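To find a chain, count down the sequence lines: A is the first, B the second, and so on, and within it residues start at 1. These figures come from a predicted structure and were not determined experimentally. FYI, side chains are in, hydrogens and waters are out, and symmetry mates aren't considered; it's all heavy atoms of this structure.
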Number of protein chains: 2
Amino acid sequence: MKSTTKTNSSVKKINVESCEQPCLIERGMRVLGGKWKASILWHLKDGPVRFNELSRMLGGASKKMVDQRLKELEAQGLVTREVISDRPIAVAYDITDFGRTALDILERLKEWTEDNNI
Amino acid sequence: MKSTTKTNSSVKKINVESCEQPCLIERGMRVLGGKWKASILWHLKDGPVRFNELSRMLGGASKKMVDQRLKELEAQGLVTREVISDRPIAVAYDITDFGRTALDILERLKEWTEDNNI
DNA sequence: TATAGTGGTTACTAAAAGTATACTAGTTGC
DNA sequence: GCAACTAGTATACTTTTAGTAACCACTATA
């Protein structure tokens, strides 16, 4: 890896390779970092949850917010939406296998937050 | 606060305990999840970087953005600001030991993003 | 003297995020 | 019938965030 230091006197300080990494971090954050998105995912880890129950779990996030985030997560393939009853409409949201691959990151984030009293 | 759990047969479905977890995730995200924050931290992992260099590394994030995020990160103890030269003003930002504890999460996020072509 | 670099600040605008309320349409229970 | 529940949608609104551009004081170079 080329360092930003001492190749010669006129070395540019910008290391282009280093610019590749942040994009990955930023892109990942766009998927997991929105408000409530990580929390929603986290709440689904123990099995499907219904819409209103999920809203309550999130401590009063508005329906609009929960709805928007769920749609984003669904579009990105992290959660699924299933109508479990038609007449008295009932819908269950579940985490996909792909969604589960992100739980490891969230687990670490949770531990980090916990350990550092954030 | 009255609990919603099992006082009798008409137990509500809401599990109050489960509501503790998302807060940890949400709180952690408030620290690492802002736009550019994780990227800034990531860029400092190989050593101190100067203000303008950092701006360029972030691919054109405005000075105002970089400045704001750096101030937040500094206030939260994740990075330090050091004036390394006075006359031709020069400032270096560095990651703290505490900041480094978050790199593990970012590393996983980066891998996850990479592996899933996000 | 002019230009470009350092590390910012300030003022402003545009866009996104979030809140609040009311509404649909159906079901269940009193 | 009336209220309360289900899962949303629609509308209007406020707040927050993001981003642009200009500017400051200073230095260094041509």
What is the distance, rounded to the nearest whole Å, between atom [atom1] of [X] and atom [atom2] of [N]?
X: B:R30; N: C:dA17; atom1: CZ; atom2: P; value: 12 Å
X: A:M29; N: D:dA18; atom1: CE; atom2: P; value: 13 Å
X: B:L58; N: D:dA18; atom1: CG; atom2: P; value: 13 Å
X: B:M57; N: C:dG7; atom1: CE; atom2: P; value: 13 Å
X: A:N52; N: D:dT9; atom1: CG; atom2: P; value: 13 Å
X: B:K63; N: D:dC23; atom1: NZ; atom2: P; value: 14 Å

Pairs in or reaching into residues 69-88 of chain A: which pass ring pair (Phe, Tyr, Trp, His ring centres under 6.0 Å), with residues at least two apart or in two chains?
none
Side-chain-base donor-acceptor pair under 3.5 Å for A:K64 and D:dG8:
no
Can you find a donor-acceptor N/O pair under 3.5 angstrom joining the side chain of A:K35 to the base of C:dG18?
no
Just distance, no hydrogens or angles: give the donor-acceptor pairs under 3.5 Å from side chains in residues 89-107 of chain A, sequence neighbours left out.
from   : atom 1 : to     : atom 2 : distance (Å)
A:Y93  : OH     : A:R81  : NE     : 3.4
A:T96  : OG1    : A:G77  : O      : 2.7
A:T96  : OG1    : A:L78  : O      : 3.1
A:T96  : OG1    : A:F98  : N      : 3.4
A:T96  : OG1    : A:G99  : N      : 2.9
A:R100 : NH1    : A:K45  : O      : 3.2
A:R100 : NH2    : A:K45  : O      : 3.3
A:T101 : OG1    : A:F98  : O      : 2.4
A:T101 : OG1    : B:W112 : NE1    : 2.9
A:D104 : OD2    : B:R108 : NH1    : 2.9

As an exercise, state the distance from CE of A:M57 to CD1 of A:I40, rounded to the nearest 0.5 Å.
11.5 Å
Residue-phosphate contact under 4.0 Å: B:R50 side-chain N/O, C:dT6 OP1/OP2:
no
DNA chain D contacts among residues 66-92 of chain B, heavy-atom distance under 4.0 Å
B:R69, B:R87, B:P88
Sequence neighbours excluded, which residues qualify as salt bridge (charged side-chain N to carboxylate O under 4.0 Å, His left out) partners of B:K71?
B:D67
Side-chain heavy atoms of B:V79 within contact of B:L44, under 4.5 Å
yes
Name all residues meeting the side-chain hydrogen bond (donor to acceptor under 3.5 Å, both in side chains) criterion together with B:Q76; count only those two or more places apart in sequence or in a different chain, and write none if there are none.
B:K37
